[in-house]
Amino acid sequence: MGSAAVAAAGLVDLFWVFIAMFAVMGLANTVYHPADYALLSERVTPQRVPQVFSFHTCSGMIGSAVAPGTLLFMQSLVGWRGAFVCAAALGIIAALILALQGEPPPRHRAMQVSKPRGDDPSSAAADGWRLLLSPPILLNLVFFVLLAMVGGGLNQYLVVGLGALYGTPPALANTALTGLLVMSAIGVLVGGALATRTTHHNLVTAGGLLVTGAVSTLIGFVDPGALLLVLIVSLSGFASGLTMPSRDMIVRSVTPPGSFGKVFGFVTTGFHIGGMVAPLIFAQLLDHGHPRAVFLYIAACAIVAIATVAFGMSGRRTA
């Protein structure tokens, strides 16, 4: 579905079709996180789950990093429409590989939760909503909204915020952003190894968020200069990446066996909610001449996210 939408957006010379196809791509995108986390949770031995989650997350970050340069290269060869068609072809290849390799049975089928009260679909649906609206799962949803604001604020508004606040040259600000993104990917891999050696995922997550909040606060009040700016922003990226495997383990710790796809799909909508709300907030702050508030708002979101972790999301399972 996603590949067909990308191809249509590139080939049909109508703007409303272009917009509609991006909506279809968004619809196709909704299946990935429920499916991937359910597959990994059900088919990987528990002691290896944190590292597998970290490899999975890091591979997505690598793909996001490679995509812009790849598409620009294809655009230089065959135009932007041809680049869209080439991207669609890659998606079709990926879909065929998935379809042909089949799906192995879950390793933990014995742990799957059976439908309560017989096979009544209405009862199963009611229990499903009861699970999703339980306090631990709702806390995770809020947690993901806040993480989207913290990460999105730094990734999308670091360059323009530094320019507006301190007149930082775009080349320097983008160097700091590159350091953040690279160190974030490295942090994910280190965080996966760390998550296999500790059960205190809430402490790891809180520590990473504390570093991110401290760096944002420092940038909000002090112009750190070229070298220190790159170093502290890169440190923030590493700390942010370090938290991601523990973040996923926090969600897993409050999810009953057999409900991984449902719960991960629900809580990761927090990323989309935060991704829609954050630009409106940050853009208003910049447009009204408050670039310092951008960094302080990021720090405030990090602190509130730490508070949600402190409520004990880790180490409990929903009944």
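Residue numbers run from 1 in the order of the sequence given. Just so you know, these numbers come straight off a predicted model, no measurement behind them.
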Taking all non-hydrogen atoms of both residues, which atom of [X] and which atom of [Y] are closest, and how far apart?
X: Val188; Y: Cys58; result: CG1-N, 3.9 Å
X: Val160; Y: Leu286; result: CG1-CD1, 3.7 Å
X: Gly161; Y: Pro291; result: O-CB, 4.0 Å
X: Thr205; Y: Ser246; result: OG1-CB, 3.5 Å
X: Ile298; Y: Leu154; result: CD1-N, 3.8 Å
X: Val31; Y: Pro34; result: O-CD, 3.5 Å

Quick check on the hydrophobic clustering: are [X] and [Y] connected, directly or via other members, by side-chain heavy-atom contacts under 4.5 Å?
X: Val159; Y: Leu228; answer: yes
X: Leu158; Y: Val294; answer: yes
X: Ile186; Y: Val230; answer: no
X: Leu181; Y: Leu235; answer: yes
X: Ile273; Y: Val267; answer: no

Can you tell me how far apart [atom1] ([X]) and [atom2] ([Y]) are? Round to the nearest 0.5 Å.
X: Leu162; Y: Tyr157; atom1: CG; atom2: OH; result: 14.5 Å
X: Leu131; Y: Thr255; atom1: CG; atom2: OG1; result: 7.0 Å
X: Leu146; Y: Leu141; atom1: CG; atom2: CG; result: 9.5 Å
X: Thr57; Y: Met244; atom1: OG1; atom2: CE; result: 7.0 Å
X: Ile137; Y: Trp129; atom1: CD1; atom2: CH2; result: 13.0 Å
X: Leu280; Y: Leu285; atom1: CG; atom2: CG; result: 11.0 Å

Contact between [X] and [Y] at the side-chain level, heavy atoms closer than 4.5 Å - yes or no?
X: Cys301; Y: Tyr297; answer: yes
X: Phe221; Y: Leu296; answer: yes
X: Thr196; Y: Val49; answer: no
X: Met61; Y: Ser184; answer: yes
X: Val85; Y: Val6; answer: no
X: Gln75; Y: Val78; answer: no
X: Leu218; Y: Phe295; answer: no
X: Thr198; Y: Leu203; answer: no

Item to complete: Apply side chain to side chain contact (heavy atoms under 4.5 Å, CB included) to Leu177 and Val233, showing your working.
Response: CA-CA 7 Å; Leu177 177 60; Val233 171; over 6 Å; no
Closer than 3.5 angstrom, by distance alone: can the side chain of [X] be matched with the main-chain N or O of [Y] as a donor-acceptor pair?
X: Asn174; Y: Pro170; answer: yes
X: Ser41; Y: Ala38; answer: no
X: Ser253; Y: Ile250; answer: yes
X: Ser216; Y: Thr212; answer: yes
X: His290; Y: His288; answer: yes

Practice prompt. Please step through side chain to side chain contact (heavy atoms under 4.5 Å, CB included) for the pair Leu180 and Asn155, ending with a clear verdict.
Written response: CA-CA 8 Å; Leu180 182 149; Asn155 293 353; 3.2 Å; yes
Discussion item. Below 30° counts as parallel, above 60° as perpendicular, anything between as tilted: where do the rings of Phe15 and Phe18 land?
Written reply: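 Parallel.
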Worksheet entry | Asp13 atom CG, neighbour heavy-atom count above 12 within 6.0 Å | no
Discussion item. One pair to check against side chain to side chain contact (heavy atoms under 4.5 Å, CB included): Met149 and Phe144. What are the steps and the verdict?
Written reply: CA-CA 9 Å; Met149 291 190 175; Phe144 275 60; over 6 Å; no
Discussion item. Side chain to side chain contact (heavy atoms under 4.5 Å, CB included), that's the test. Do Val190 and Phe238 meet it? Break it down for me.
Written reply: CA-CA 9 Å; Val190 176; Phe238 180 80; 4.0 Å; yes
Discussion item. Please tell me whether Tyr37 and Phe53 form a close aromatic pair, meaning their ring centres lie under 6.0 Å apart.
Written reply: yes
